[in-house]
Amino acid sequence: MATTFNFEIVTPDKMLFSADNVTYVGFRSLVGGMGIKANHLPIIATLDVAPMKLEFADGSKKSFAVCGGFLEMKGGKCTVLATIADADTDIDTARANAAKERAERRLASKEADVDNARAHRALKRAITRLKVAGMA
Amino acid sequence: MATAREIHRHMKSVGNIGKITKAMKMVAAARLRRAQERAAASRPYAIKIKEVLSNVVSDPSILANLSAKEHPLLQHREVKKVGYLVLASDKGLAGAYSSNALKMAVAEISACEDEVVVITCGRKARDFFQRRGYNVLESHFGFSDRPAYDNAVEVAQDAAKRFAAEGFDELRIVYTIFKSALSQTPTCEKILPVEPPAKEAGKAEASFMFEPGENETLSVLAPKYLETVVYAALVQSAASELGSRMTAMSSATDNAAKLVQNLELSYNKARQASITRELNEIVGGVEALKQAQQ
């Protein structure tokens, strides 16, 4: 059996998720995708808006939509600091779809008062959420 | 002396006021409990992000080599203009909560020798500083008693933008620390430029790998850290406001009850006096009739 480690996702509002039988975390940092297993070197990674995948000792999997933040791995304990994070089971697909359409409309409209960067961010968030919801 | 009817009317209105203040007290108490829970729930994130920040800048040489462009929030400049971010309530009826925070802010501002600009949170703070002719750069309001993290992001990003554009060279925050429902202390802290917290002594830390490098991590981390600092202050202030409101409304309810009691006494006296007078008149009238018949 693979070695397990302790894993936590913390958001400003609450401790979103914690488990101590995680064997693998897959995520995307600002420079690219990476994955860590137990006994990884101490690392601090800056996260991109992307799905985060967990694998547990019993073979089950879980994903989260993480919208930016940090991952810290240190001595058998992995902590994710996310400004916004949703578990795959908590995602409201209808809302994410609506957000995606709204963002796409904004980007397509090309009006002067559209905040392009903001619409892009919203679109990326919505797509990540939908991806994660699809995995559940 | 007021007539019995007038006193009765007064009694009724005081009683109604008492009912309202009692309801407000209960609302504040319920909200206070939630605010305290929220404050407790936000603590792990704040502690962790502080820890990460101190790990990133564990080597002081990193700080010395930062470029001002990449890390505007960590940039130390000669202080010519000081910004004050003042947190007070949106609504009144919270005892001395707002006025204590504002008093503290005014004391700090008048002690400050540099040029001062103000950013306010809460309508009371905005009204106060605008009326007194301070240079108010921005006012945020509408969330003083239930701040969400998004509100903190809004306030922090606005402050960061102004700081980067040299709207001020240092930012201090005036907020109220919640100790208990009876005791809240206004305080003033410097929040910009970001001062990475000193590492706790005696803790042997492993040296970290950074993905991407320290510089990039820091440029994302610094604004996030500012957000958490602002959020913590907002949450503390909200709890203080609600605690203060609860205490104020509780004593208002007690006072109303006492007032009703006193009024009841004078009402009874007035009522008895009018009955006695009527009796006197009747008896007097009967006596007069008797004498006339004789």
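Lettering of chains follows the sequences in order, A, B, ..., and the numbering in each one begins at 1.
Residue B/Arg162 places its CZ atom among more than 12 non-hydrogen atoms of other residues, nucleotides or ligands, all under 6.0 Å distant. With a 6.0 Å radius and a threshold of 12 heavy atoms from other residues, nucleotides or ligands, B/Lys91 has its NZ atom at or below the threshold. B/Lys224 NZ: more than 12 foreign heavy atoms inside a 6.0 Å radius. The local environment of NZ in A/Lys61 is sparse, with at most 12 non-hydrogen atoms from other residues, nucleotides or ligands closer than 6.0 Å. Within 6.0 Å of NZ in A/Lys100 there are 12 or fewer heavy atoms belonging to other residues, nucleotides or ligands.
Residues B/Leu221 and A/Ile44 have side chains not in contact (no heavy-atom distance under 4.5 Å, counting atoms from C-beta outward). Inter-residue side-chain proximity for A/Ile84 and B/Tyr149 is flagged as unmet; no heavy-atom pair is nearer than 4.5 Å. Residues A/Leu16 and B/Tyr45 have side chains not in contact (no heavy-atom distance under 4.5 Å, counting atoms from C-beta outward).
Heavy atoms of A/Met34 lying under 4.5 Å from chain B belong exclusively to its side chain. Of the atoms belonging to A/Thr83, heavy atoms from both backbone and side chain fall under 4.5 Å from chain B. Within the 4.5 angstrom heavy-atom criterion, atoms from both the backbone and the side chain of B/Phe210 approach chain A. With a threshold of 4.5 angstrom between heavy atoms, B/Thr228 does not approach chain A through any atom at all.
Salt-bridge formation is not detected for the pair B/Lys48/A/Glu8: no Lys NZ or Arg NE/NH1/NH2 atom is positioned less than 4.0 Å from an Asp or Glu carboxylate oxygen.
The candidate from A/Leu71, A/Leu30, A/Thr11 with the greatest count of non-hydrogen atom pairs under 4.5 Å with chain B is A/Thr11.
In this structure, OG1 in A/Thr79 is found 12.0 Å from CD1 in B/Ile49, a value given to the nearest 0.5 Å.
Here the shortest heavy-atom pairing between B/Tyr231 and A/Asp13 reads OH-OD1, 3.7 Å.
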